[in-house]
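Quantities reported herein were computed from a predicted structural model and do not represent experimental measurements. The figures that follow rest on heavy atoms only: side chains count, while hydrogens, waters and symmetry mates do not. Each residue takes its place number in the sequence, starting with 1.
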Amino acid sequence: MSSNSSSPAALQFCYENVNGSCVKISYSPGSRVILYAVFGLGAVLAVFGNLLVTISILHFKQLHSPTNFLISSLACADFLVGVTVMPFSMVRSVESCWYFGRSFCTFHTCCDVAFCYSSLFHLCFISIDRYIAVTDPLVYPTKFTVNVSGICISISWILPLVYSGAVFYTGANDDGLEELSNAINCVGGCHPLINQLFISVDFILFFIPALVMMILYSNIFLVARKQAKMIDSISSKAEALAGSSKAKVTKRERKAAKTLGITVIAFLVSWLPYMIDSFIDCFLGFITPSYVYEILCWLAYYNSALNPLIYAFFYPWFRRAMKFIISGKVFKDSSSTMDLFSK
């Protein structure tokens, strides 16, 4: 009995009766339901949450600002992760097989990498925007205009798409790893390898913007604390009245910086484990167990679903806009000019 249960005939394959098919890892029905529920929830939140963010900012004129346009474009990147990456990765993770063809595997990988770096670049530009707004609020409107925001958005999309397409569609990612790639990528597999050269480039492209964001937000919070103490130290009533408008603006800028700082921290916490593991794994011969790889992947993917939840928790204007969109009131002619900041 024991010999029969351990025989090769007991193995399941992604494609039965196909030579070179990958071995399929079977989960119990209960485990499969739980995994599909967890991964599916992330995809649904990423799609509909970021769609609400994008519609809110583009529809309501009061939200038309350089910063919010960057946030809307960031939401588009996260939305596309939920549409083009997460559903197919969900099937691959649960079924342990890739049923969508080798060409779509390349496209899927390009989208995965491109949208990750697009989110990172958006967050880096947002941190620069917040740094200028908090540290130099008087000249901020002239420095970070809608046109500057448009340039930042263009860079955040074009560079990741060009880089990702150039690496994966030319096959440069696995130069020198052809034998290992052929052994790993059996029929029904989608696990593109990245050689040491490009994993180093990837790590640098991730580390530099991440370092810039950490430095800028550290300075932002130092300046914000200093500004808060200065405002609290105003003793004269006349001075308080004269500075009330400026204090209100400064407080709003600090709150926006704090919220977006939490977004940056969430991004780094989600993506750093995956990036560090990928970098180390490449130099150690790709020894990371598949289940660890999947856990790290989905920790990173879930970041795309997390941002709308952060906005909903910290931004009253987003909660009001979300209620108007869900209730259908957004289709009224005057809805685009409503005041989302009134209490």
Inset, instruction - Give me the ring orientation class for Phe207 and Phe203: parallel if the planes are under 30° apart, tilted from 30 to 60°, perpendicular past 60°. - result: parallel

Legend entry - Gap separating the OG atom of Ser118 from the CZ atom of Phe115, nearest 0.5 angstrom: 7.5 Å

Inset, instruction - Side-chain contact test, heavy atoms from C-beta onward, threshold under 4.5 Å: evaluate it for Phe324 versus Phe60 and give yes or no. - result: yes

Inset, instruction - Please check if any side-chain donor atom of Ser89 sits under 3.5 Å from a side-chain acceptor atom of His108, or the reverse. - result: yes

Inset, instruction - Would you check if Lys329 and Ser335 make a side-chain contact, meaning some heavy-atom pair closer than 4.5 Å? - result: no

Legend entry - Minimum heavy-atom distance between His64 and Ile57, given as atom pair plus value: CD2-O, 3.0 Å

Legend entry - Gap separating the CE atom of Met86 from the SG atom of Cys111, nearest 0.5 angstrom: 14.0 Å

Inset, instruction - Decide whether Ser28 and Ser31 meet the rule of one side-chain donor and one side-chain acceptor closer than 3.5 Å. - result: yes

Inset, instruction - Please say whether the positively charged group of Lys24, taken as NZ for Lys or CZ for Arg, lies over the ring of Phe13, i.e. under 6.0 angstrom from the six-membered ring centre and within 45 degrees of the axis. - result: no

Legend entry - Donor on one side chain, acceptor on other, His122 and Ser73, under 3.5 Å: yes

Legend entry - Closest heavy-atom pair and its distance - Ser304, Asp78: OG-OD1, 3.2 Å

Inset, instruction - Check whether any side-chain heavy atom of Val38 sits under 4.5 Å from a side-chain heavy atom of Tyr302, and report yes or no. - result: yes

Legend entry - Between CH2 on residue Trp157 and SG on residue Cys152, distance to nearest 0.5 Å: 14.5 Å

Inset, instruction - Over 60° means perpendicular and under 30° means parallel, so classify the ring planes of Phe88 and Trp98, tilted if in between. - result: tilted

Legend entry - Single-linkage hydrophobic cluster, 4.5 Å side-chain cutoff, Val146 and Ile71 together: yes

Inset, instruction - Taking all heavy atoms of Ile155 and all of Pro160, pick out the closest pair and write down the distance. - result: O-CD, 3.6 Å

Legend entry - Donor + acceptor pair across side chains of Asp281, Thr288 (<3.5 Å): yes

Legend entry - Separation between CG of Leu296 and OH of Tyr291, rounded to the nearest 0.5 Å: 10.5 Å

Inset, instruction - Over 60° means perpendicular and under 30° means parallel, so classify the ring planes of Trp298 and Phe39, tilted if in between. - result: parallel

Legend entry - Heavy-atom closest pair, residues Gly82 and Pro87: O-CD, 3.1 Å

Inset, instruction - Decide whether Leu74 and Met214 are clustered together by the hydrophobic rule: side chain heavy atoms of Ile, Leu, Val, Met, Phe, Trp, Tyr closer than 4.5 Å, transitively. - result: yes

Legend entry - Joint cluster assignment, Val162 & Leu120, ILVMFWY side-chain distance < 4.5 Å: no

Legend entry - Minimum heavy-atom distance Cys186-Arg102, with the two atoms named: O-NH2, 3.7 Å

Inset, instruction - Would you kindly confirm whether Met90 and Val33 end up in one hydrophobic cluster when ILVMFWY residues are joined by side chain heavy atoms under 4.5 Å apart? - result: no

Legend entry - Value rounded to 0.5 Å, distance of CD1 in Ile55 from CZ in Phe48: 10.5 Å

Legend entry - Residues Tyr140 and Asp129: side-chain donor-acceptor under 3.5 angstrom: yes

Legend entry - Any donor-acceptor N or O pair under 3.5 Å, side chains Asn219, Thr135: no

Inset, instruction - Decide if the gap between the ring center of Phe283 and the ring center of Phe279 is smaller than 6.0 angstrom. - result: yes

Inset, instruction - Please say whether more than 12 non-hydrogen atoms of neighbouring residues, nucleotides or ligands are located less than 6.0 Å from OH in Tyr131. - result: no

Inset, instruction - Assess whether side chain to side chain contact (heavy atoms under 4.5 Å, CB included) is satisfied between Asp202 and Tyr163, documenting all intermediate values. - result: CA-CA 10 Å; Asp202 285 349; Tyr163 171 73; 2.5 Å; yes

Legend entry - Enclosure of Phe100 CZ (heavy-atom neighbours >12, cutoff 6.0 Å): yes

Inset, instruction - Look at the SG atom of Cys14 and the SG atom of Cys97, then say if they are under 2.5 Å from each other. - result: yes

Inset, instruction - For Leu272 and Phe206, run side chain to side chain contact (heavy atoms under 4.5 Å, CB included): C-alpha distance rounded to whole Å, both residues' side-chain angles, the deciding distance at 0.1 Å, then the answer. - result: CA-CA 9 Å; Leu272 265 178; Phe206 184 90; 3.6 Å; yes

Legend entry - Nearest heavy atoms of Tyr27 and Ser93, plus distance in Å: CE1-O, 4.0 Å

Inset, instruction - Examine the side chains of Asn50 and Tyr311 and answer whether a donor and an acceptor come within less than 3.5 Å of each other. - result: no

Legend entry - Interatomic distance, Leu70 atom CG to Ile126 atom CD1 [nearest 0.5 angstrom]: 5.0 Å

Legend entry - Donor-acceptor pair between Asp175 and Asn195 side chains, under 3.5 angstrom: no

Inset, instruction - State, without any angle test, whether Tyr301 and Asp112 hold a side-chain donor-acceptor pair at a distance under 3.5 Å. - result: yes

